[in-house]
Amino acid sequence: MKNFDFKPLLRKNIQALRPYSSARDEFSAEGSYLFFDANENALGSVGLSEAFNRYPDPYQKQVKTLIAAQQNVDVEQVFLGNGSDEAIDLLFRAFCEPKQDKALIMPPTYGMYSVSASINDVETVKVSLTENYQPDVESVIHTVKNDPSIKLIFLCSPNNPTGNLLNEENIISILENCNAIVVVDEAYIDFSPDQTILRYLNDYPNLVVLQTFSKAWGLANLRLGKAFASTGIISIFNNIKPPYNVNGYTQKAAIQALNAVEQKDNFIKKIIEERENLILELEKLSIVKQVYPSDANFLLVKMTRNATDIYNQLIKDQVVLRNRSTVHLCENCLRITIGTKTENAFLIKQLLRLL
Ligand SMILES: *Cc1c(COP(=O)(O)O)cnc(C)c1O
């Protein structure tokens with residue numbers, strides 16, 4: 001196990017924080033009690049037959065118990081948030097002193113890391129991925145060694161918008177050699193489940209893994225993200241999160257989803273099949289220069305003609321792609337989420353019309 005203590009990296013105000021104690025923190029138990037402690041409406045919920053009048057479990061114990069069993073981690077190593085975006089924000093609020101500490105990101109990558117940094121008034125240091133979209137490990141290690149104000153390092157695997165997994169040796173090498181929190185965002189890992197870095201959670205106390213119900217699980221609308229880390233880091237997240245950050249409906253739906261894993265696996269299988277089909281169809285088109293290999297549910301595609309023109313043409317046909325043509329190392333590229341068989345066929349038909 002790596003020798004690492006996260007506490008000296010915490011912001012001073014978080015080290016000193018006395019967390020809020022909610023009604024359900026001060027008393028929670030199984031069984032039938034009469035609750036006079038949380039100023040809820042005892043009569044019911046306006047306009048709804050289902051009852052939403054009681055505050056939900058602030059620590060989502062039932063959901064976490066199912067997740068912990070499926071992922072083979074301790075319940076105390078799991079945090080749930082209002083999307084992974086909440087966990088990203090909490091990382092900044094826990095570890096980065098505004099105007100003073102920094103986060104290292106590796107473009108091209110997910111845009112929320114730098115936006116969340118800006119919101120928290122934290123500077124981002126950028127170390128570009130290499131031409132084949134892998135971390136420049138030496139440069140990352142060198143940069144972090146020379147700047148102790150870098151508290152967070154963000155890696156995204158499979159990476160958005162490039163679609164590829166980061167090599168495990170690269171991630172491990174960064175974990176080994178950096179005295180900072182290393183966040184590995186695995187939003188798309190369900191599409192290559194064997195590749196999760198989660199099995200190293202107990203070896204690297206500086207590792208934080210993010211996953212989500214928004215992609216493979218098909219629950220983007222419910223806003224439920226997961227973070228896995230040491231019990232110490234998770235308890236800090238619990239102390240600084242809003243008390244009831246995951247609503248009761250979402251918790252109930254997540255329990256149903258976690259009890260139907262076969263359906264998720266079936267979705268994944270179908271999406272991967274469609275992805276491989278779409279690659280073949282796209283590669284036949286003369287406006288397509290290159291389809292990058294993907295370990296996720298989307299494709300990064302480099303065009304031979306102006307990508308923004310193609311993007312705009314498709315909008316007229318009511319087909320919406322993600323224009324990534326101005327992104328570093330993604331010049332003239334579009335990002336395409338895998339749709340249904342029918343949707344993908346329609347997309348190809350519209351692209352053929354542009355030839
Ligand atoms: C979609 C996505 C997320 C998920 O965000 P949620 O807030 O959980 O919906 C996280 N990271 C990356 C890289 C993503 O693409």
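Read the numbers this way: they start at 1 and go in the same order the structure lists the ligands and their atoms.
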Give me the residue, atom name and distance of the protein heavy atom closest to atom 2 (C) of ligand 1. Lys215 NZ, 2.4 Å
I'd like to know if Lys102 pairs up with Asp147 as an ion pair, taking the criterion as any Lys NZ or Arg NE/NH1/NH2 lying under 4.0 Å from an Asp or Glu carboxylate oxygen. yes
For Ala187, atoms of ligand 1 separated by under 4.0 Å from a heavy atom: 2 (C), 3 (C), 10 (C), 11 (N), 12 (C), 14 (C)
Using the rule side chain to side chain contact (heavy atoms under 4.5 Å, CB included), only one of Thr250, Leu222, Leu219, Asn221 pairs with Phe213; which is it? Leu219
What part of Arg223 sits under 4.0 Å from ligand 1 if we count only heavy atoms: the side chain, the backbone, both or neither? side chain
When you check the gap from the basic side-chain N to the acidic O, do Arg24 and Asp37 get nearer than 4.0 Å? yes
Tell me: protein heavy atom nearest atom 11 (N) of ligand 1, and distance? Asp185 OD2, 2.6 Å
Less than 4.0 Å between a side-chain N and a carboxylate O, is that true for Glu50 and Lys252? yes
Contacting atoms of ligand 1, where contact means under 4.0 angstrom from a heavy atom of Ser214: 6 (P), 8 (O), 9 (O)
Within a distance under 4.0 Å of any heavy atom of Tyr188, pick out the atoms of ligand 1 and give their elements. 1 (C), 14 (C), 15 (O)
Gln77 versus Val73, closest heavy-atom pair with distance: OE1-CB, 3.5 Å
Could you tell me the residue and atom name of the protein heavy atom closest to atom 5 (O) of ligand 1, and the distance to it rounded to 0.1 Å? Ser84 OG, 3.6 Å
Less than 4.0 Å between a side-chain N and a carboxylate O, is that true for Arg305 and Asp309? no
Ring centroids only, cut at 6.0 angstrom: are Tyr110 and Phe154 within range, meaning strictly under it? no
Check Asp85 against ligand 1 and report side chain, backbone, both or neither, counting heavy atoms closer than 4.0 Å. both
Would you say Cys156 touches ligand 1, if touching means a heavy atom closer than 4.0 Å? yes
